[in-house]
Amino acid sequence: MWRLALRTLKFRRTSFVATFLAMFLGAAIVIGCGGLMETGVRMAAAPQRLREAPVVVTGEQTYDSSALTERHRIDARLAGEVARADGVRAAVPDVSFPATVLKDGKPLTGKSASYGHGWASARLTPYTLAAGRSPVTGGEAVLDAGLARRAGARPGSPVDIVVQGTARRFQVSGIAEQRGDHNPDAAVFFTDDRARALAGGRIDSVAVLPEPGASAAAVADAVRAEVGDRAEVLTGERRGLAELPGTLSSRRTVVILAAVFGSSVVLIVMFGVASTLGLSLQQRAREMALLRAVGSTPKQLRRMILTETAVLSVASVLLALAPGYAIGRLLFKVLTSSGVVAPAIVYHAGPLPMAVGAAVTVLAAAGATRFAGRRAARTEPVAALAESTAGTRWFSLPRLLLALFFLANGIGLAIATATVMEDGPTLASTAGPASVLFCVGLALLAPGLTKAMVALLRAPVRALSGLSGQLALRNAATAHVRMAGAVAPIVLLVGIATGTLYMQSTENHVSRTSYDANILADYVLDSTTGGFAPGVVATVRATPGVAAASEFVTSRGFVDRPGGPADTDLRGVSAEGVRQSLDLPVVAGSLDGLRGDTVALSEKKAREYGVRVGDRLPLHLGDGTPLRPTVVALYTDNPKQQYLTLPAATLAPHTGDGLPHQILVRAVHGTGTEVHDRLAALAARVPGTELDDSSSLAGRNNQIQQILVSANYTIVAMIVGYAAITVVNTLVSVTRKRRAEFGLQRLTGATRAQVIGMLTVEGVLIGVVATVLGTLASATTIVPYSLVKSGSYLPSGSLGIYLAIVGGSLLLVFGATLLPSWRGMRSPAVDTVKAA
């Protein structure tokens with residue numbers, strides 16, 4: 001049986017190459033998505049500035065299993081407790097805060113920001129003095145060599161450094177160089193006490209240096225016993241997370257992205273492999289019948305088919321391992337370049353995603369062999385004398401039940417999206433797979449649907465296409481199963497591409513328009529040096545022509561409720577200017593009371609959390625700090641901009657830099673460019689301040705919304721590319737099988753042009769049927785998603801997107817049929833018929 005299977009592979013190279021290609025590409029894509037999933041689950045980062053410390057103690061970066069978005073700082077006294085643990089030689093407290101060096105009153109800019117640290121942590125990189133000495137007094141600082149070179153500083157010279165929003169003068173006591181080039185950020189070192197004071201009194205981490213001969217694992221266990229649940233102890237490649245606060249919050253995004261697209265890829269790959277293999281077996285119906293005629297049993301034929309499939313699947317999986325890893329790396333690179341994941345995160349693709357990719361490919365092939373191979377093996381010998389009837393039977397009860405299963409699940413997800421899911425980041429996780437499931441269901445019923453739609457198109461095709469159209473209609477009527485094999489992958493291509501692209505365009509449009517409407521300010525001041533000092537906003541308000549000014553801070557936190565914490569967006573504002581800066585129509589209370597531990601929220605959120613004006617709302621801020629602010633105002637709900645509003649002075653200290661980075665400015669009506677010129681002059685006096693109009697905020701928000709766009713488009717491009725390859729595989733295989741048919745037509749008087757015309761009409765029929773079915777499938781994603789996002793049944797986005805998808809599909813159809821047909825007809829018709 002092995003010998004027969006291998007000989008069959010040798011003499012059926014075209015069909016087996018198509019099957020192999022489907023398996024190979026499918027396995028590679030699944031392996032790539034699996035590597036992305038493993039990376040998200042593990043979420044590890046190699047240490048950079050703290051790389052000399054094998055154990056790092058840092059603040060717990062989760063709250064009730066949810067990742068914090070801001071750094072959770074720890075008590076400085078914890079360093080002393082860590083130092084007492086067994087096996088610890090030294091416990092070095094570490095802090096990090098923005099410290100921008102000025103030159104001629106302008107901040108030094110470069111590839112990375114600069115941060116201040118205590119000198120004791122310099123040995124953790126390690127940094128060593130190249131000139132001068134370490135800082136001794138609070139007025140001294142050590143610059144790293146790159147900063148010193150750009151600032152033109154040397155030991156003994158003065159240097160201005162912006163810390164906590166204020167420019168301060170320090171004396172350069174030394175120049176430090178690091179071994180290697182692992183730290184992307186420039187460093188400024190102060191005395192340990194001065195650094196801790198500038199950081200607010202708390203510390204970021206404690207770097208643990210073990211005693212000689214002590215193992216890192218044993219020391220880590222001892223430290224864990226010492227600190228308990230007050231901090232997290234990191235070892236190995238997870239140490240880098242201590243330098244990347246908020247990184248764990250991207251885990252959810254990566255895992256959801258990998259899960260949603262991975263599951264879609266698995267379905268599409270299984271369908272693509274099964275359809276390609278099934279088509280190959282359909283085309284060998286006569287061969288199977290002849291084998292039965294010479295004495296082969298159905299069991300022997302099934303074994304032969306299974307052996308062929310095993311050879312192809314094993315070979316494809318082995319060859320797909322390296323490309324799969326490369327695809328995963330490509331997806332990860334897209335995520336890091338778009339800002340979804342920090343570049344320091346380590347990409348992981350271990351044995352598990354490799355095994356999943358292999359299993360999916362093998363199971364898809366085995367499933368196709370079971371269903372398609374059973375029918376091929378049962379082909380009666382007499383079918384060899386009636387080849388024209390082969391492949392016309394397609395309907396079976398299992399096929400119908402499977403199709404109904406996929407259709408029902410697709411409709412169920414669409415209904416859940418429209419009625420159950422709220423507008424949020426998980427909305428796409430139900431809307432996206434709906435069209436994929438519905439596409440698979442339609443593809444399973446494609447033979448019957450194709451036959452019905454061709455019957456509906458019969459009259460216009462006859463009227464418009466003449467003899468070529470009549471030949472195409474006859475072929476479609478007698479070989480609707482063969483035509484459905486070409487329709488099915490195009491349904492997947494059109495349905496998935498249309499659904500996903502219009503879902504993204506709708507998201508972009510709604511986010512942009514709702515954010516624009518929410519911002520009332522005319523200008524925004526931006527700080528590039530770590531934030532504004534508290535007095536700057538008062539100076540802005542005192543500027544002639546300014547009607548109002550408000551500090552602006554963004555973060556994420558958690559509202560504590562009985563069912564578990566609910567993550568939510570937080571915005572910090574100034575009570576004196578918020579009404580003129582943001583569109584928050586008050587329905588109860590007053591925004592003037594936003595001072596101290598207070599909060600304002602929408603009336604919908606108030607009902608959801610069960611609070612009224614005067615109640616306290618239990619929540620945790622982005623760094624895990626608990627807070628019970630008093631509700632002072634309720635405003636009308638904006639379903640596209642749902643956030644809690646707190647005083648900027650309350651929220652900012654619990655963000656990464658501890659200061660507001662923006663000030664929203666509303667100008668007095670009719671002031672023209674005068675107020676702009678005054679604000680520009682003020683910005684020039686505050687180092688690192690940039691002046692923009694309010695549209696820059698909307699643009700920045702649009703950038704945040706676009707973070708996942710490149711990743712979405714990349715993964716969708718891979719899925720659509722796989723579907724396109726499946727289309728080409730199918731059509732080329734079918735066309736090559738029909739060479740004898742084309743030769744007979746030419747021998748009976750048909751010209752090449754007439755045969756090409758017939759194939760063109762067939763291609764149009766395939767394109768029309770597939771486009772209608774694919775558009776219907778895409779509606780299960782587009783309609784509910786648009787309904788939730790914008791209240792409209794129609795998506796936002798250019799009609800050109802749809803036309804490009806349909807046009808591309810037709811180009812694939814015509815390219816994969818007309819080109820091989822034209823090349824095949826260059827041979828004499830007699831030779832073509834003989835070769836069959």
Side-chain angles (χ1 to χ4, degrees), residues 264 268 271-272 275 410 414 431-432 434-443 445-446 449-450 452-454 456-458 460-461 464-465 469 472 476 483-506 508-509 712-713 715-732 734-735 756-757 759-783 785-786 793-819:
S264 300
I268 295 166
F271 180 81
S275 62
S435 59
V436 177
L437 292 171
F438 206 80
C439 279
V440 174
L442 291 178
L445 299 178
L449 295 173
T450 300
M453 293 187 66
V454 168
L456 293 174
L457 296 170
R458 186 178 299 275
V461 170
L464 297 174
S465 57
M483 179 174 282
V487 166
I490 305 176
V491 172
L492 286 172
L493 191 156
V494 172
I496 294 170
T498 304
T500 305
L501 295 181
Y502 275 108
M503 185 170 65
Q504 187 64 61
S505 66
T506 300
N508 294 344
H509 174 76
N712 282 340
Y713 285 171
I715 298 177
V716 170
M718 290 170 54
I719 294 176
V720 171
Y722 180 78
I725 291 171
T726 305
V727 171
V728 173
N729 266 347
T730 302
L731 292 173
V732 169
V734 169
T735 303
I756 293 296
L759 289 173
T760 302
V761 176
E762 287 184 12
V764 171
L765 286 173
I766 290 171
V768 170
V769 173
T771 299
V772 171
L773 296 180
T775 304
L776 178 63
S778 69
T780 59
T781 286
I782 294 172
V783 172
Y785 192 84
S786 300
Y793 290 97
L794 296 177
S796 304
S798 169
L799 179 63
I801 297 175
Y802 182 71
L803 295 178
I805 294 170
V806 174
S809 302
L810 290 176
L811 285 177
L812 285 175
V813 172
F814 293 138
T817 54
L818 300 184
L819 183 59

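As the structure is a computational prediction, the values presented were derived from the model and not from experiment.
- Nearest heavy-atom pair across I496 and C439 is N-SG, 4.3 Å.
- Remark: S505 OG to I782 CD1 distance equals 8.0 Å, nearest 0.5 Å.
- Here the shortest heavy-atom pairing between S465 and G469 reads OG-CA, 2.9 Å.
- Y502 approaches T506 most closely through the heavy-atom pair O-OG1, 2.8 Å.
- Shown here for A488 and A446, the closest heavy-atom pair between the two residues is CB-CB, 4.5 Å.
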Side-chain donor-acceptor pairs under 3.5 Å in residues 798-810, sequence neighbours left out?
residue, atom, partner, partner atom, Å
S798, OG, G800, N, 2.9
Y802, OH, T775, OG1, 2.6
S809, OG, I805, O, 2.9

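- Between S778 and G495, the shortest heavy-atom contact is CB-O, 3.5 Å.
- Considering every non-hydrogen atom in both P795 and S786, the closest pair reads CA-OG, 3.3 Å.
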Which side-chain N or O atoms in residues 759-772 pair as donor and acceptor under 3.5 Å with protein atoms at least two apart or in another chain?
residue, atom, partner, partner atom, Å
T760, OG1, I756, O, 2.8
E762, OE1, R738, NH1, 2.8
E762, OE2, N475, ND2, 2.8
E762, OE2, R738, NH2, 3.1
T771, OG1, G767, O, 2.6

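- Atom CG of L437 is separated from atom CG of L442 by 11.0 Å, given to the nearest 0.5 angstrom.
- Between L492 and V440 there is a side-chain heavy-atom pair separated by less than 4.5 Å.
- Looking only at side-chain heavy atoms (C-beta outward), V487 and L449 stay at 4.5 Å or farther from each other.
- Going from atom CD of Q504 over to atom CG of L501 covers 8.5 Å, rounded to the nearest 0.5 Å.
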